[in-house]
Protein chains: 2
Amino acid sequence: MAKQSQRLSRDVLIDCAMTLADAEGLGAVTIRRLAQENGVTPMAMYWHFNDKEALLDAMAAHLVGAVKLPAATDAPWDAQLRDVLDAIAVALRPHPTVAGMAARQVLIAEAGLELTERVLALLATAGLEPRRAAEVATFLFCSVVALVAGDPGQREVATDEDRESRIRYKTASLAALPPARFPHLIAAAPGLVSCFGQDDFFDLNLDLLVQGVRGIR
Amino acid sequence: MAKQSQRLSRDVLIDCAMTLADAEGLGAVTIRRLAQENGVTPMAMYWHFNDKEALLDAMAAHLVGAVKLPAATDAPWDAQLRDVLDAIAVALRPHPTVAGMAARQVLIAEAGLELTERVLALLATAGLEPRRAAEVATFLFCSVVALVAGDPGQREVATDEDRESRIRYKTASLAALPPARFPHLIAAAPGLVSCFGQDDFFDLNLDLLVQGVRGIR
DNA sequence: ACCTGAACACCGTTCAAGT
DNA sequence: ACCTGAACACCGTTCAAGT
């Protein structure tokens, strides 16, 4: 009775594409590869998506939809804003290679609209007028995306050993810089090279963003 | 006498690639297209760049090198940090489609190392220990990049008329949302849709970042 | 040192056609 | 409604070769 007959569906394909992106990077997400992964002709994809851009948009919308917006409370605006930003980061972090495309769906996907409305409401409570709230809300979302997707070493997915050896190499080459010219850089080298993906990196910088909003009121 | 004989050089090619990216987007930057633009065979590019990744890295490094780091003064750390962030934004803004790749060269290009050293020194003055300074410096750079490159509508380069009509369309579709559910979003619609590229958008959010650093000390 | 020519394995996409 | 087959214009890249 159920329409189980069709072997493919948009959702299955999006899931498959996400898995592909997580495992081999966004470059592996290809019309032809996605078709092959599902035992079907490349042209079959064009029934489910208008073109490749539509596929990528669907992936981004899926990610925006994964944000579990916390219920509104009577806590102070800054605590609530912090929780919302955290919820965004939590949703994006499992798919860092896809996260970079999330911004283009935040004003399109239903979940993105709700999220934006919520942030704007909190910013209004904080005392920002609509125009400034709009600019700040836009930037906050882009910043959280940058926090998750910004890892330059994340663009090529690699094994843990590969990543560790690259981190060691990069730390060493920074440590080898002339100490007279780059004292702070040398002292900070481990943090600069390995901060991405760490919990405290997210915590610290999400705090920074919320404190920043406090500061510009 | 001078080695003017060679028709091509790395720098000429990088400049050409930047122009191409500005005019037609990063998707137009292609080994084959770049060769054609210079009246030469695609394979000639492989003399000047190991592969396409090396070309893109060179473009990113060029952008990082374009940052005019302001001279250190005895002004308070937050004023100086603000000036440094501003200098980064000023350098990146003319090439928004390329800006997204800048982060991967900031710890590699010479100019990026100087820039990072400077920011770390200011953060140390602000009272952050090296580890936290490293995490904040990394995030600050990624955030400024996001501020410049984050425009979702910038990915396809278009004429001004195209951009304006798309902004009108997007504003209208946001304004048509149910007012009961999205009151703040509707009030903020113009700002949400058209804030990218505006001077006050940069000013406000660079302030936010500096204030954020103040807040987490 | 700097560039070419031919070839290969990949892309996205269109169009007509099948069931 | 959902998928196939053949074809087209594009990619990045290698390898041997030219000057």
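Letters A, B, ... are given to chains in the order of the sequence lines, protein chains preceding strands, and every chain is numbered from 1. Note that this is a predicted model, so its numbers are computed, not measured.
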Practice problem: Apply ring-ring contact (aromatic ring centres under 6.0 Å, His included) to A:Phe49 and list each qualifying residue two or more places apart in sequence or on a separate chain. | Solution: none
Quiz item: B:Phe201: what forms a ring-ring contact (aromatic ring centres under 6.0 Å, His included) with it, not counting sequence neighbours?
Solution: B:Phe196
Quiz item: Is it true that B:Asp57 and B:Lys52 make a salt bridge, defined as a side-chain N closer than 4.0 Å to a carboxylate O?
Solution: no
Quiz prompt | Identified side chain to side chain contact (heavy atoms under 4.5 Å, CB included) partner of A:Leu208 from the options A:Val210, A:Leu204, A:Asn205 | solution = A:Asn205
Self-check item: Pairing pattern in dot-bracket form [Watson-Crick, G-U; both distances under 3.5 Å; | = partner strand] for DNA chain D
Solution: ||.|||||...|||||.||
Self-check item: Interatomic distance where CD belongs to B:Glu24 and P belongs to D:dC10 [whole Å]
Solution: 13 Å
Quiz item: Atom CH2 of B:Trp47 to atom P of C:dT4: distance rounded to whole Å?
Solution: 13 Å
Quiz prompt | Residues that B:Asp51 engages under side-chain hydrogen bond (donor to acceptor under 3.5 Å, both in side chains), provided they are two or more places apart | solution = none
Any protein N or O atoms within reach of nucleotides 12-19 of chain C? Criterion: under 3.5 Å, listing atom names and distances.
unit_1 : atom_1 : unit_2  : atom_2 : d
C:dG12 : OP1    : A:Ile31 : N      : 3.1
C:dG12 : OP1    : A:Lys52 : NZ     : 3.4
C:dG12 : OP2    : A:Ile31 : N      : 3.2
C:dG12 : OP2    : A:Arg32 : N      : 3.3
C:dG12 : N7     : A:Arg32 : NH1    : 2.4
C:dG12 : O6     : A:Arg32 : NH1    : 2.9
C:dT13 : OP2    : A:Tyr46 : OH     : 3.1
C:dT13 : OP2    : A:Lys52 : N      : 2.8
C:dT13 : O5'    : A:Tyr46 : OH     : 3.4

Quiz item: Whole Å only: how far is the CG atom of B:Leu13 from the P atom of C:dC3?
Solution: 9 Å
Practice problem: Ignoring backbone atoms, establish whether B:His48 has a side-chain N or O less than 4.0 Å from OP1 or OP2 of C:dC3. | Solution: yes
Quiz prompt | Contacts of B:Glu37 that satisfy side-chain hydrogen bond (donor to acceptor under 3.5 Å, both in side chains) - sequence neighbours left out | solution = B:Arg33
Practice problem: For the pair B:Lys170 (side chain) and B:Ser165 (backbone), establish whether a donor and an acceptor sit closer than 3.5 Å, ignoring hydrogens and angles. | Solution: no
Self-check item: Check: B:Val12 main-chain N/O paired with B:Ser9 side-chain donor or acceptor under 3.5 Å
Solution: yes
Self-check item: Atom-to-atom span, CE of B:Met45 to P of C:dT4 - whole angstrom
Solution: 8 Å
